[in-house]
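The structure appears below as structure tokens.
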Amino acid sequence: MANYVDVNAKVTYAPSGGGSRITLETTDSTLDDVTSGDLVIAGALVGVAVADYNPDTDTVVIDTMGCYKLSVTGKDTGGSSCAIALGDWLYYDPAADQVNRDYINGICIGRALEAVGSGLTAVIGVQIIPIPWSDALAMAAAAAA
């Protein structure tokens, strides 16, 4: 499992009827190594790859609302160790290249479906929930207050 961030990708197909799978097209080599199960962030769009990157079409299909197993680390905004509880909001922290509870430096990806011990890293269930970044910051600030 790996994490990929590509701000140059564009959506080439978004299914009608409320589907959550989206095809991203990019010629940027950032996504070349994406395999099924990897976390993918394109701009503010967050999802998990449901298939390997296709070099023939320069595309990868991501699911923007499913439940997936991802590597999560029990760290918070200061990089301090903290436990992750069921239902905690999770963020991808690009500086640390990890999913944790760093809502200041991270991009909101969803909620923990399992716990992770303080300072530990574990592969757990994560519910991918698309949420506007400004709303995620406001929720995190309210939760910390």
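Position 1 is the first residue of the sequence; numbering continues from there. This is a predicted model, so every value here is computed, not measured.
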Pairwise distance [atom1]([X]) to [atom2]([Y]) - rounded to 0.5 angstrom:
X    : Y    : atom1 : atom2 : answer
Y103 : C108 : OH    : SG    : 13.0 Å
D38  : D52  : CG    : CG    : 8.5 Å
M65  : R21  : CE    : CZ    : 13.0 Å

Side-chain contact, heavy-atom cut-off 4.5 Å: [X] with [Y]?
X   : Y   : value
D93 : V99 : no
Y68 : V50 : yes
T59 : L31 : no

**Message:** Filter on salt bridge (Lys or Arg N to Asp or Glu O under 4.0 Å), then keep only pairs touching residues 57-66, sequence neighbours left out; what's left?
**Reply:**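 Applying salt bridge (Lys or Arg N to Asp or Glu O under 4.0 Å) to every pair that reaches into residues 57-66, excluding sequence neighbours, yields nothing.
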**Request:** Test side chain to side chain donor-acceptor pair (under 3.5 Å) on Y92 and D102 and set out the steps.
**Result:** CA-CA 8 Å; Y92 171 70; D102 186 350; over 6 Å; no
Show every donor-acceptor pair shorter than 3.5 Å between a side-chain atom in residues 74-86 and any protein atom, with sequence neighbours excluded, or say none if there are none.
{"residue": "D76", "atom": "OD1", "partner": "G78", "partner atom": "N", "Å": "3.2"}
{"residue": "D76", "atom": "OD1", "partner": "S80", "partner atom": "N", "Å": "3.1"}

**Request:** Run the numbers on L24 and I62 for side-chain contact (heavy atoms from CB on, under 4.5 Å), then give the verdict.
**Result:** CA-CA 8 Å; L24 298 175; I62 64 171; 3.9 Å; yes
**Request:** Provide the full list of side-chain hydrogen bond (donor to acceptor under 3.5 Å, both in side chains) pairs with a residue in residues 108-123, sequence neighbours left out, each pair given once.
**Result:**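 Sorted pair list: K69-E114, T73-T121.
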**Message:** In this structure, would V123 and L113 fall into the same cluster of hydrophobic residues linked by side-chain contacts under 4.5 Å?
**Reply:**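 V123 does not cluster with L113.
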**Item:** Contacts of type side-chain contact (heavy atoms from CB on, under 4.5 Å), residue A115, not counting sequence neighbours
**Value:**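 If we apply the side-chain contact (heavy atoms from CB on, under 4.5 Å) test to A115, skipping adjacent residues, there are no hits.
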**Message:** Test side-chain contact (heavy atoms from CB on, under 4.5 Å) on L39 and V126; report intermediate values, then the result.
**Reply:** CA-CA 11 Å; L39 179 65; V126 174; over 6 Å; no
**Message:** If the condition is salt bridge (Lys or Arg N to Asp or Glu O under 4.0 Å), which residues does D88 pass it with, not counting sequence neighbours?
**Reply:**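 Salt bridge (Lys or Arg N to Asp or Glu O under 4.0 Å) check on D88 returns R101.
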**Request:** Begin with the C-alpha distance, continue with both residues' side-chain angles, and end with the deciding distance and a verdict on side-chain contact (heavy atoms from CB on, under 4.5 Å) for V48 and I128.
**Result:** CA-CA 8 Å; V48 173; I128 303 299; 3.9 Å; yes
**Item:** Nearest heavy atoms of D56 and N54, plus distance in Å
**Value:**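 The pair with the smallest heavy-atom distance is N-OD1, 2.8 Å.
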**Which atom of T26 lies closest to which atom of Y53, heavy atoms considered** =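 Distance-wise, the nearest heavy atoms are O-OH, 3.6 Å.
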**Message:** Using side-chain contact (heavy atoms from CB on, under 4.5 Å), reason through Y91 and I107 one step at a time and then give a plain yes or no.
**Reply:** CA-CA 5 Å; Y91 306 84; I107 299 162; 5.9 Å; no
